[in-house]
Amino acid sequence: MLFAFICKDKPDHLHVRMETRPVHLEHLNKLNAEGTLKIAGPFLDANGKPNGSLVIVEATDIDAAKALADADPYAKAGLFESVDVKPYNWVFNNPGA
């Protein structure tokens, strides 16, 4: 089952995002190699600066998905103001469909 992580950065925390980005990318690359990661990328503010994240993963259930969200280095670094984990149905342009 697919789950979307909709993450909103804390205000004035771009420095945390940039400092943590290398280990965050390493984490996502590992999930990608395992086949768990489906899509990931930042939301952008009006100036084109990252201010949140969208991550879509495959997990057995919502508890497993929440554990993946909690394991993200951005989450561990305290970057996010909020993280919503929601079941997701990829209907259009799904390469696996």
Side-chain angles (χ1 to χ4, degrees):
M1 182 170 204
L2 297 177
F3 294 88
F5 308 161
I6 302 164
C7 310
K8 180 179 178 184
D9 291 4
K10 291 176 182 172
D12 301 317
H13 273 62
L14 182 58
H15 67 283
V16 174
R17 175 178 281 273
M18 300 317 292
E19 291 164 3
T20 312
R21 189 170 188 268
V23 290
H24 168 74
L25 293 178
E26 184 179 307
H27 173 74
L28 292 182
N29 281 324
K30 179 179 178 283
L31 293 178
N32 192 47
E34 295 169 354
T36 301
L37 180 66
K38 302 304 174 192
I39 292 175
F43 291 113
L44 304 175
D45 67 15
N47 297 315
K49 301 287 185 192
N51 66 354
S53 298
L54 172 65
V55 179
I56 298 178
V57 299
E58 186 169 2
T60 54
D61 57 35
I62 196 149
D63 290 331
K66 286 179 179 179
L68 288 170
D70 291 343
D72 189 305
Y74 280 168
K76 290 181 175 184
L79 172 63
F80 299 133
E81 179 176 281
S82 64
V83 177
D84 291 328
V85 178
K86 299 180 176 208
Y88 180 75
N89 183 19
W90 192 351
V91 176
F92 289 96
N93 300 320
N94 180 344

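In this chain, residues are counted from 1 in sequence order.
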Undergrad: Is the closest side-chain donor-acceptor distance between H27 and D72 under 3.5 Å?
TA: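 No, because no side-chain N or O of H27 sits under 3.5 Å from a partner of the opposite role on D72.
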
Undergrad: Which pair of heavy atoms, one from A64 and one from D61, lies closest together, and at what distance?
TA: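 What the structure gives for the nearest pair is N-OD1, 2.8 Å.
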
Undergrad: Which pair of non-hydrogen atoms, one from A65 and one from A59, has the smallest distance, and what is that distance?
TA: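 Shortest heavy-atom separation between A65 and A59 comes out as N-CB, 3.8 Å.
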
Undergrad: If you measure from NE2 on H24 to CD on E19, what distance do you get to the nearest 0.5 Å?
TA: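 Taking NE2 in H24 and CD in E19, the distance rounds to 14.5 Å.
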
Undergrad: Could you go through the salt bridge (charged side-chain N to carboxylate O under 4.0 Å, His left out) check for K30 and E34 one step at a time?
TA: CA-CA 6 Å; K30 179 179 178 283; E34 295 169 354; 2.8 Å; yes

Undergrad: For G78 and H13, which heavy atoms make the closest approach, and how far apart are they?
TA: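 Minimum heavy-atom separation between G78 and H13: O-CD2, 4.0 Å.
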
Undergrad: From N89 CG over to N94 CG, what is the distance, rounded to the nearest 0.5 angstrom?
TA: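 Separation between the atoms: 8.5 Å.
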
Undergrad: Between P73 and E26, is any pair of side-chain heavy atoms under 4.5 Å apart?
TA: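 No - every pair of side-chain heavy atoms lies 4.5 Å or more apart.
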
Undergrad: Under 4.5 Å side-chain heavy-atom separation, chaining through any Ile, Leu, Val, Met, Phe, Trp or Tyr, what else clusters with F43? Say none if it is isolated.
TA: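 F43 shares its hydrophobic cluster with L2, I6, I39, L54, I56, Y88, W90.
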
Undergrad: Can you see which heavy atom on A71 is nearest to which on K76, and at what distance?
TA: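 Where A71 meets K76 most closely, the heavy atoms are O-CE, 3.7 Å.
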
Undergrad: Under 4.5 Å between any side-chain heavy atoms of R17 and P42, yes or no?
TA: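 Yes - at least one pair of side-chain heavy atoms lies under 4.5 Å apart.
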
Undergrad: Give the other cluster members for F5, using side-chain heavy-atom distances under 4.5 Å between Ile, Leu, Val, Met, Phe, Trp and Tyr residues; answer none if it is isolated.
TA: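 M1, F3, V16, L28, L31, L37, V55, V57, I62, L68, Y74, L79, F80, V83, V85, all in the cluster of F5.
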
Undergrad: Considering residues at least two apart in sequence or located in another chain, which fulfil the side chain to side chain contact (heavy atoms under 4.5 Å, CB included) criterion with D45?
TA: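 Only N47, K49, N51 meet the side chain to side chain contact (heavy atoms under 4.5 Å, CB included) criterion with D45.
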
